[in-house]
Amino acid sequence: MHLSNTPAPMTPYQYFAREIVAALRSLQAAGQLPNDLDFSAITAEPPRDPAHGDISTNAAMVLAKAARNSPKAIADVLLQRLLKDKYVADGSVAGPGFINLKLKPELWQEHLRECLVKGDKYGDSDIGGKRLINVEYVSANPTGPLHVAHARGAIVGDVLANLLEKVGYKVQREYYVNDGGVQVDIFARSVFLRYLEDLGLELSTFPDEFYPGEYVRDIARNIRRNIGGLWWQIDWLEWSDPEHKKLYDQFKLVPPTVSDMRSLDRRLGYKREPGQHPSLRNVSVQLDGRPVPVGYGEWSWLPYFAYHAVKLMLVQIRRDLKQLRIGKQKFVSERQIIVTGKVQKAFNALDQKGLIYQGRLDPPKGQRPDDWEDREQTLFRSSQFGDDVDRPLKKSDGSWTYFANDIAYHYDKYRRGYKDMINVWGADHGGYVKRMKAAVGAMTEQKGDLDVKLCQLVRVLKGGELVRMSKRAGTFITLRDLLNEVGPDVLRFTMLTRKNDAPFDFDIDKATEQSRDNPVWYVQYAHARTNSVMRQAAETRISTSKLDEAALNRLVDAGEISLIRLVAQWPRQVEAAALAHEPHRIAFYLGDLAAAFHAHWTRGREEPNLRFVIADNPDLTRARLALVQGIHFVLRSGLNVFGVTPIEEMT
RNA sequence: GCGCCCGUAGCUCAACUGGAUAGAGCAUCUGACUACGAAUCAGAAGGCUAGGAGUUCGAAUCUCUUCGGGCGCGCCA
C-alpha cells in the first residue's frame, strides 16, 4: 500500500496533529468538552525520550484550564478516541497529562515510501505561501575585502534564504552597498595617495585614519594601469597651467574633461568644493626639490577615485562571494538611494505623519564626547516606536545621516513589495536594531516586519593559537584567506554549527581534520557511506532501482524504525528552522541523523543479520536499501540547503 | 550611567520557542576491527542551567533583581 494513495500524505507528526484536533472536535460534539476552545497551542511531537513512544501531545494540559477539568481527565477521554486510530498500536497518559502514542510500524514504513517518492523534494513545503520576503546580508562597506565576520553573516543569510525558499517563500537576496558616506571618501583619498606612490612619488606621510591595507595599493595600481584617462592634482588649477604640462607628459597623465567630471558629479551626487581636505593637510610630495602639497581641488579627482575604487572593490567582493557560492544577491547602492531622491521621499513620508521635528538631544551619559556641541537638529520620533531616544536624520553639514539613508532603503524595500524583511548584521550594529525596527514600523503603519539576526564575533584559531586581528594595522583574516585554507564546504558548514548570536571560535586545524570532532566530515562521511552501501548491493546483483516499491514491511528492527523516525523529522526541522530564522538547527539535525546511521551500521558488525545487504535475501535487502536511500536523500537535501557539496565517495 | 546580546558537564556547544528524568561531542576511564569503509561504534562518569525572587499544571526558556562577560551609545557605517 502506497502512502501517496492514502489520505495521509504528510509526516506522522502532521498527521496526528490533525487527528488530535479531529478527536477533540468529536469530543466537543459529544458534549464532553466545551465548544469555545483554542487548539492553536496543541502540539504533536516526538517525545524527548524515545522510550515514551512515537508521538506525544500536550493537548490535555493546554486545554485543562479552559475546559475546567483536570489534565488527567481530559487525557483519559482523548486517549480513548486516539486509540481507535488505525495507526495507533498503544497509548498511555504520563506525567502531568502528556498523551504518548506508540504507532504501528506500518505508518513509519509507509512514510519512508513517501520520502522516497519525493526524493530531493522531501522536506519542501508551501507554508510560505509564495509570500515575498527580503533577506539582506553581508552589506559590507566597499572599502576593503571581506573578512571572517562577513563570512559568517554571508553564510547565515544565504542559508536562511535557501531555507525560506524551501518552505515556499519567494526570496529576494540583497546586499546593501554602503557607498554613500564619508568612509568612501576616506577610502578614495587613501587610494589617491597610493596612486601617487605608484607613480614613483614619495609621500611625506600617510594619515593614520586612512586605509592602511596592501589591497589599497593594488587598487591604486589597477586604476593607474587599467582605467585610463587619469590625472593627478597638486593644485586644482594646475592641469590648465602650462608650467606643469611637462609633468603630465612625464607620467602620461590625461586631465579629465569638464563633461567627464560633471557626469560623475551627477552620478555620485558630489558637491564641488575647492581647496584641500583637512585630512590631507600634512601630505606632500617632493617635486623639483621642494615639497608640494597634494590633494587640492578634491572635487576634480575624488569622485573619480571613489567611483573606480569602489567599483574595483566590489569586483573583488563579488568574486570572493562567488567562491563562497553566494551569487544571487541584488546589489543596492546607498549612493543611488540618495541621488535618486529616495531619502527625501522617505523623509517626507515620515514628516507627513508628524514624526519629524527640530530638537535637542542629551549627550550620552558616562561617555561624553570631547567635541560635544549642543545643537538643534532634525529628529525622527523613533522613541514612539520602541526606540530609547529620538534619532537625528541630518548631519550638521545638512547631509543625511546613515540612518536616514537606511530608512529610505527599507522604505524602498517595502514599496517593492517586501513586507517581511530579514537583515543579517554583525553584533557591533546591535545598538542600531531598535531604531531600524522603529523606522520600519513607522513607515509601514506596522504592516512591515523586520527581523534582525545579529552575528557575534568570530575569532580564528590556528595551531591552537588565537590569530590576532587588527583593523588599524590592516591585519585581519580575509574571506579569501579562509577559503584558500579550508574551502567553501568546510567554511559554510562549520559557520552554522553555532547559533548566530553566540560567539564563534573558528579552529582552522579542527575544521580541516577528518574525524568525529568535525561535523562536516562526519555528515559527509555518512552521505558517502549511503553510496557505498548501494555499490555493495550492486555488486551482489541486487537491484537498487525503484526502491519505493520495496517490501518496506520488512523493516521491523527497532534501530531501523528509529532511523525512519529520524528521517521523518526532516520536514518539521526544515519548517522550524525556517520559521525561527535559525539555520544552525539543520546542522545539529544532520549530525544526529549521521550519528544514528553510523551507529546502526556498526551494529551490523556484531549482528550480521542487521547488515543492510544480505546477499541471499534480496527482498529484505531492498527494504533496507530503501531506508538507506531515504537517509541519503535527507542528508543530501540538508547539505544542499547549506550549499555544501554532498561528496559521493571518501577518498 | 543607559540599551542590546550572553552566562548550561572540566572544555566546545545543543535543547523542537513554556513541556516529562536538561542532551551531544571533546577530554577521562572501560570495551568492539579475519572490515557491506574502525575516517566508525558501545558503555561509564560528569549538572542547584551564574545567584536570588516571582508568574503557572510545568521555567534553562517569560518577569524583576544581583553578579560576571561581549557589543553599542549625535555630526562612522
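In what follows, every chain begins at residue 1, and chains take the letters A, B, ... in the order their sequences are listed.
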Using the test side chain to side chain contact (heavy atoms under 4.5 Å, CB included), find all partners of [X] that sit at least two apart in sequence or belong to another chain.
X	result
A578(A)	L163(A), L164(A), V167(A)
T621(A)	I542(A), V613(A), I614(A), L625(A)
S279(A)	R189(A), E209(A), F210(A), H277(A)
R360(A)	D374(A), E376(A)

RNA chain B contacts among residues 533-541 of chain A, heavy-atom distance under 4.0 Å: Q536(A)
Base rA77(B) paired with S139(A) side chain (donor-acceptor, <3.5 Å): no
Presence of donor-acceptor pair under 3.5 Å, side chain of R585(A) and base of rU17(B): yes
Short N/O separations, protein against nucleotides 33-35 of chain B, under 3.5 angstrom:
residue, atom, partner, partner atom, Å
rA35(B), O4', R605(A), NH1, 3.1

Return the polar atom pairs (N/O with N/O) between nucleotides 58-64 of chain B and the protein under 3.5 Å, or none.
none

Please report, to 0.1 Å, the donor-acceptor pairs under 3.5 Å made by any side chain of residues 569-576 of chain A, with sequence neighbours excluded.
residue, atom, partner, partner atom, Å
W570(A), NE1, Y122(A), O, 3.1

Using the 3.5 Å cut-off, write out each protein N or O paired with an N or O of nucleotides 8-13 of chain B and the distance between them.
residue, atom, partner, partner atom, Å
rU12(B), O2', R498(A), NH2, 2.5
rC13(B), OP1, R498(A), NE, 3.2
rC13(B), OP1, P503(A), O, 3.4
rC13(B), O5', R498(A), NE, 3.2

Results of salt bridge (charged side-chain N to carboxylate O under 4.0 Å, His left out) for R459(A) - residues two or more places apart only: D505(A)
Name the atoms and distances for all side-chain donor-acceptor pairs under 3.5 Å in residues 494-502 of chain A, with sequence neighbours left out.
residue, atom, partner, partner atom, Å
T494(A), OG1, V490(A), O, 2.5
T497(A), OG1, T494(A), O, 2.6
N500(A), ND2, L454(A), O, 2.9

Selection residues 48-65 of chain A - residue pairs positive for salt bridge (charged side-chain N to carboxylate O under 4.0 Å, His left out), sequence neighbours left out: D54(A)-R565(A)
